[in-house]
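We're numbering straight along the sequence, starting at 1. Just so it is clear, the model here is predicted, and its values are computed rather than measured. First listed ligand is number 1; within each ligand, the first listed atom is number 1.
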Amino acid sequence: MKKGYFGKYGGSFVSAEIEEELKRLDEAFCRLKKDKVFLNELKTIMRDFQGRPTPLYFCKNLTKKIGGAKIYLKREDLNHTGAHKINHCVGECLLAKHLGKTKIIAETGAGQHGVAIATVCALFGLDCDVYMGTVDIEKQKINVEKMKLLGARVVPVSAGDGTLKDAVDAAFEAYAKEYKTAIYCIGSVVGPHPFPTMVKFFQSVIGKEVKKQVKQKENKLPDYVVACVGGGSNSMGIFSAFLKEKSVNLIGVEALGKGNKLGDNSATIKHGKLAVYQGYKSLVLQDDSGNIADAYSIASGLDYPGVGPEHAYLHDRKRATYVAVSDTEALNAFYTLTKCEGIIPALESSHAVAYGIKLAKTLSSDKVVVVNLSGRGDKDIDFILNNQKTKD
Ligand SMILES: *Cc1c(COP(=O)(O)O)cnc(C)c1O
């Protein structure tokens with residue numbers, strides 16, 4: 001397969017100047033990912049700063065309530081800053097340090113990726129510019145304040161709708177100007193090569209840990225691995241260890257939002273069509289004339305019109321199955337897990353939990369389902385409260 005491609009997906013569609021820099025970045029990454037000193041540093045930070053390995057937790061109560069397969073949660077919510085995003089932020093900041101860069105450029109939607117990157121920049125003493133849509137800045141005041149406290153500069157983006165996809169465009173433009181001193185830290189397994197490969201590498205720690213942990217607890221491989229898919233980083237991270245294990249069913253859960261109509265969901269594998277978008281080729285939500293559609297989901301971390309190229313490829317090859325879960329189903333799972341296990345999941349992760357429950361019900365009790373709990377739900381409490389109010 002051509003470097004940087006997953007079948008017909010992936011690649012790098014950028015200016016010649018940036019192409020040169022991305023080549024240098026890829027070379028450095030390929031060298032460092034085999035470098036013992038680099039890998040030891042990474043391991044130490046992941047252990048002592050982030051709190052890895054995160055536990056694999058058997059949901060005794062939920063399993064009993066559902067009455068089917070055993071349900072396990074991979075507790076990525078217990079990472080420092082509350083989600084899996086810090087896995088690749090730590091990796092990329094360490095890479096930046098080794099390359100002698102002094103600055104990180106990143107984008108954020110709801111602010112989760114922004115807070116994670118600002119946190120790691122504080123740790124490493126790196127300058128940090130986080131591009132964020134003006135609409136999102138208004139909606140996510142606490143995360144904006146957190147980023148500022150951590151020493152990051154939050155750069156407002158008013159172009160377009162002032163949301164995530166506009167922030168990605170603006171961050172890329174800034175990177176094109178500042179690449180000599182800065183590195184771009186994208187929020188998922190998207191963007192031009194080498195970003196999807198790099199982010200997957202740093203997120204693959206999730207799958208490696210799960211493989212060991214399931215072996216210890218169940219003395220076998222899991223039968224199903226379930227994870228939500230926005231851009232696709234937490235899912236690629238947990239899938240990566242099992243891609244060659246044919247007996248393990250991999251299930252990506254997209255956001256069906258309010259339904260199947262264009263604009264009502266973020267189910268890109270289900271409804272997207274081939275396009276080049278933000279420097280890479282993949283499935284993208286678009287109308288019949290090829291205009292990029294607005295994505296929608298109750299979970300802002302899933303609300304993105306593109307999807308990581310490797311997911312589109314795994315879908316084509318039928319190595320992974322992709323399903324879609326609605327806002328309502330995700331909300332129900334949010335309440336169920338909270339009440340039943342005392343774990344408040346992020347609304348993004350609730351999509352995976354919802355499907356995990358649905359699936360476990362249909363399986364016998366000797367089967368094992370691992371659900372990736374990508375993040376904690378503290379950030380969603382305000383939204384949940386307001387939503388309840390409007391419902392009453
Ligand atoms: C950002 C985010 C996601 C979606 O991103 P992926 O790249 O698809 O993993 C999922 N869960 C949480 C908690 C997030 O913050």
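No N or O atom of K379 sits closer than 3.5 Å to an N or O atom of ligand 1. Taking only nitrogen or oxygen atoms, main chain and side chain alike, G232 reaches within less than 3.5 Å of ligand 1. Considering backbone and side-chain atoms together, S349 places no N or O closer than 3.5 Å to any N or O of ligand 1. Any N or O atom pair closer than 3.5 Å counts here, and G231 shares at least one such pair with ligand 1. For a threshold of 3.5 Å applied to N or O pairs, the pair formed by S188 and ligand 1 contains at least one separation below that value. Checked by distance only, ligand 1 and G187 stay at 3.5 Å or farther apart across all their nitrogen or oxygen atoms.
For the residue pair E173/Y131, the side-chain donor-acceptor check at 3.5 Å is not satisfied.
Residue contacts with ligand 1 leave out H113, since none of its heavy atoms falls under 4.0 Å from the ligand.
Set against the non-hydrogen atoms of H84, the atoms of ligand 1 under 4.0 Å away are 2 (C), 3 (C), 9 (O), 10 (C), 11 (N), 12 (C), 14 (C). In summary, the atoms of ligand 1 found under 4.0 Å from a heavy atom of C228, numbered by their order in the structure, are 10 (C). Within the listing of ligand 1, atoms 8 (O) sit less than 4.0 angstrom from a heavy atom of G230. Each of the following atoms of ligand 1 lies closer than 4.0 Å to a heavy atom of G375: 13 (C).
A cation-pi arrangement is not found for K217 relative to F58, the charged atom failing to lie both closer than 6.0 Å to the ring centre and inside a 45° cone about the ring normal. For the pair K8 and Y313, the NZ or CZ position fails the cation-pi test of under 6.0 Å to the six-membered ring centre and within 45 degrees of the ring normal.
Taking 4.0 Å as the cut-off between side-chain N and carboxylate O, E209 and K74 count as a salt-bridged pair. Salt-bridge check for K60 with E341: failed, with every basic side-chain N at 4.0 Å or more from each acidic carboxylate O.
Using cut-offs of 30° and 60° for the angle between ring planes, the Y277 and Y280 rings count as tilted. Using bins of under 30°, 30° to 60° and over 60° for the plane-to-plane angle, the ring pair Y322/H315 lands in the perpendicular bin.
Not a single donor-acceptor pair under 3.5 Å links the side chain of H98 to the backbone N or O of F38. Although no hydrogens or angles enter the test, the distance criterion places no donor-acceptor pair under 3.5 Å between the side chain of Q278 and the main chain of V168.
At the shortest separation from atom 15 (O) of ligand 1 among protein heavy atoms lies K85 NZ, 2.7 Å. Among protein heavy atoms, the minimum distance from atom 5 (O) of ligand 1 is reached at G301 O, 4.0 Å. Of the protein's non-hydrogen atoms, S374 OG, 3.5 Å is the one closest to atom 12 (C) of ligand 1. Looking at atom 6 (P) of ligand 1, its nearest protein heavy atom turns out to be S233 N, 3.3 Å.
Contact of the K220 side chain with the K215 side chain is not registered, since no non-hydrogen atoms from C-beta on lie closer than 4.5 Å.
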